[in-house]
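This chain uses plain numbering: 1 for the first residue, then up along the sequence. Every heavy atom of this structure was used, including side-chain atoms; hydrogens, water molecules and symmetry mates were not.
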Amino acid sequence: FYAFDSGTYILEVRDSTYPACLAIFDTVVVIEKDIPNIYILPSQAGLCLGGYVELNAYGAQTYSWTPPLGLSSTYGDNVIASPDTTTIYNVIGVDEYGCKDTIKVLVEIFPLPYVNAGPDQYICDGDSIQLNGSGAWIYEWTPSTNLSNPYISNPIAYPDNTTTYYLIGKSLGSNVIINGDFENGNVDFTTEYNYNIDLIPEGNYYITNNPHNCHPNFARCNDHTPGPANQMMVINGSSNPGTKVWCQNVLVTPNTEYAFSTWLTSVHPLNPAVLQFSINDVLLGSPFVAPDTCNWIQFYETWYSNFNTTAEICIVNQTLILNGNDFAIDDIYFAPLCEGIDSVTVFVNPLPEVEITASSNVICDEQHTQLTASSDIPGTTYQWNNGETTAMIDVSPTATTTYSVTGTTPEGCTGTAEVTVIVHPLPTISASADPTEICLGESSDLMVSSDITGTTFNWSNGLGTNSNVTVSPTATTTYSVTG
């Protein structure tokens with residue numbers, strides 16, 4: 001016998017001797033218990049591939065979980081879920097009376113970004129190179145030293161030595177905001193402003209496809225991402241700092257990093273609005289200023305959820321000036337950030353230390369000297385400023401000349417050296433005799449001079465080195481002198 005209703009049931013037992021023998025009676029009380037109201041925290045979760053979430057069940061005594069995919073256990077009130085794909089888990093809770101309830105929990109899996117830091121690069125000492133990262137929404141390079149900006153995809157790197165740079169790239173998961181583009185109109189959010197198509201009074205807002213329709217002095221701006229309705233939220237801001245322009249309560253996954261972003265533009269150039277993000281009434285990041293009229297710019301901040309399973313996310317107005325402060329927002333986004341990593345190595349090749357040796361760096365006119373270039377790096381090639389390309393060259397300058405050479409390593413790095421070859425001119429000497437004709441037994445004075453001070457002389461015939469000598473030849477004689 002099955003009792004389908006609560007109440008008191010009486011069981012009467014008779015045997016074959018009845019009524020001689022009396023019947024036996026027993027009483028059974030059936031009490032109907034309520035089905036347990038079980039719930040899961042968090043009630044849904046969004047994870048990056050490879051992440052995990054702790055799911056806690058409440059409202060019953062025992063719990064079973066299916067499917068087992070990615071679960072640390074299929075029984076118990078606390079399990080760790082780390083599936084590889086988006087999964088809906090069914091949880092059956094049974095109370096102490098055996099009553100059951102079933103609930104579902106969605107664990108959504110977001111792919112990791114394919115972060116690419118680019119191919120390895122080769123530079124010479126003292127040079128720089130542009131890195132080219134891709135595949136993410138937010139970028140951060142480490143180490144940040146010797147980078148022009150570690151928070152952009154393509155910084156300039158100028159390392160002092162070979163360095164491996166790691167690029168951490170973050171991409172957005174699914175947007176948890178409803179109607180963040182306002183295409184559904186004035187629904188699914190709260191605000192401390194008044195909804196009115198007349199935006200002449202401060203403190204009013206309107207969902208529209210053209211700010212000029214709500215105020216004759218507002219610009220005719222398009223919304224950020226034109227859609228079927230081309231809607232945006234246009235606000236004539238008040239001068240009360242901290243006023244909540246837009247808010248929405250959302251479910252969040254504990255211990256997860258989120259990005260909160262909005263697109264913003266001014267609709268009138270006077271006194272641009274100053275806004276700031278807020279989560280659970282705590283201001284997030286720094287205030288940001290509305291850009292020029294009809295110039296949409298995205299602003300964002302990141303937030304770590306810690307143990308939160310819900311959050312009130314808001315955009316607040318921090319402007320203190322009443323006049324102006326007219327702006328529009330669109331395409332509000334709040335999503336978990338998924339992280340990928342890649343690396344690139346910048347190899348720094350040394351510059352060659354180039355030297356020049358000369359067989360003589362001081363020569364006379366019409367003489368020559370050998371110049372030899374050398375480098376501390378094997379395989380270096382050379383280019384002289386006179387066009388020669390061999391390591392050793394022979395030069396015969398007619399005047400003092402500086403020779404330079406550029407040495408290029410197999411990696412394309414260069415070094416230079418130079419040497420000056422000093423050229424002394426040949427002296428112009430003049431010799432004379434007085435007299436040039438003599439009789440036998442007479443003498444003549446020979447004299448020599450030079451256009452260069454300090455010139456020394458050497459006469460033929462063993463006459464010595466004086467500039468003036470006296471000779472008494474016995475026959476006609478030619479005398480020579482070298483200066």
Side-chain angles (χ1 to χ4, degrees), residues 48-50 111-172 257 259 298 300 302 337-359 361 370-393 395 401-421:
C48 301
L49 181 63
L112 302 181
Y114 178 71
V115 177
N116 186 357
D120 290 344
Q121 304 287 348
Y122 297 84
I123 64 172
C124 298
D125 190 15
D127 289 345
S128 62
I129 190 76
Q130 185 171 44
L131 305 180
N132 290 286
S134 61
W137 185 60
I138 298 175
Y139 298 91
E140 181 178 359
W141 297 84
T142 57
S144 60
T145 53
N146 296 326
L147 289 178
S148 60
N149 185 343
Y151 302 107
I152 60 176
S153 63
N154 56 346
I156 303 298
Y158 43 94
D160 297 324
N161 44 54
T162 295
T163 302
T164 298
Y165 292 98
Y166 293 90
L167 174 59
I168 299 173
K170 298 178 182 180
S171 64
L172 293 168
E257 186 180 24
Q298 187 181 36
Y300 78 91
T302 59
L337 286 170
C338 295
E339 182 177 296
I341 190 169
D342 194 24
S343 65
V344 59
T345 299
V346 179
F347 293 91
V348 180
N349 295 308
L351 303 181
E353 295 184 6
V354 179
E355 295 181 349
I356 300 175
T357 56
S359 57
N361 60 353
Q370 286 185 337
L371 306 180
T372 303
S374 61
S375 167
D376 62 333
I377 297 178
T380 300
T381 58
Y382 303 97
Q383 179 69 52
W384 295 85
N385 63 342
N386 65 352
E388 298 287 341
T389 58
T390 57
M392 185 178 67
I393 62 174
V395 296
T401 302
T402 298
Y403 293 90
S404 63
V405 65
T406 298
T408 303
T409 67
E411 296 77 23
C413 301
T414 60
T416 61
E418 63 179 30
V419 65
T420 298
V421 177

Hey, are the side chains of [X] and [Y] touching, using non-hydrogen atoms and a 4.5 Å cut-off?
| X | Y | value |
| --- | --- | --- |
| Ile123 | Ser128 | no |
| Val346 | Leu131 | yes |
| Ile356 | Tyr403 | no |
| Thr408 | Thr380 | no |

Are the side chain of [X] and the backbone of [Y] linked by a donor-acceptor contact shorter than 3.5 Å?
| X | Y | result |
| --- | --- | --- |
| Asp376 | Glu353 | yes |
| Tyr382 | Ser375 | yes |
| Trp141 | Ile152 | yes |
| Thr420 | Thr401 | no |
| Asp342 | Leu167 | no |
| Thr345 | Phe347 | no |

For the atom pair [atom1] ([X]) and [atom2] ([Y]), what is the distance rounded to the nearest 0.5 Å?
| X | Y | atom1 | atom2 | value |
| --- | --- | --- | --- | --- |
| Ser343 | Ile168 | OG | CD1 | 11.5 Å |
| Ile393 | Glu388 | CD1 | CD | 6.0 Å |
| Leu49 | Glu339 | CG | CD | 13.5 Å |
| Thr414 | Glu411 | OG1 | CD | 12.0 Å |
| Ile138 | Ser153 | CD1 | OG | 12.5 Å |
| Gln121 | Asp127 | CD | CG | 12.5 Å |

Item to complete: Take Val421 and Leu371 through the side-chain contact (heavy atoms from CB on, under 4.5 Å) test and state the conclusion after the steps.
Response: CA-CA 9 Å; Val421 177; Leu371 306 180; 4.1 Å; yes
For residues [X] and [Y], report the shortest heavy-atom separation together with the two atoms involved.
| X | Y | answer |
| --- | --- | --- |
| Val348 | Cys124 | CG1-C, 4.3 Å |
| Pro119 | Val344 | O-CG2, 3.1 Å |
| Gly133 | Tyr139 | C-CE2, 4.2 Å |
| Asp125 | Pro350 | CB-CA, 4.4 Å |
| Ile377 | Pro352 | CD1-CA, 3.8 Å |
| Pro155 | Leu147 | CG-CD2, 4.3 Å |

Heavy-atom count around [X] [atom1] within 6.0 Å, excluding the residue itself: above 12?
| X | atom1 | answer |
| --- | --- | --- |
| Glu355 | CD | no |
| Gln130 | CD | yes |
| Tyr151 | OH | no |

Worksheet item: Do Thr416 and Thr406 get their side chains close enough for a donor-acceptor pair, meaning under 3.5 Å?
Response: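 Distance-only check fails for Thr416 and Thr406.
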Worksheet item: side-chain contact (heavy atoms from CB on, under 4.5 Å) between Asn349 and Thr409: does it pass, once the steps are laid out?
Response: CA-CA 9 Å; Asn349 295 308; Thr409 67; 5.8 Å; no
Fill in: Ring geometry between Tyr300 and Trp137 (parallel below 30°, tilted from 30 to 60°, perpendicular above 60°)
tilted
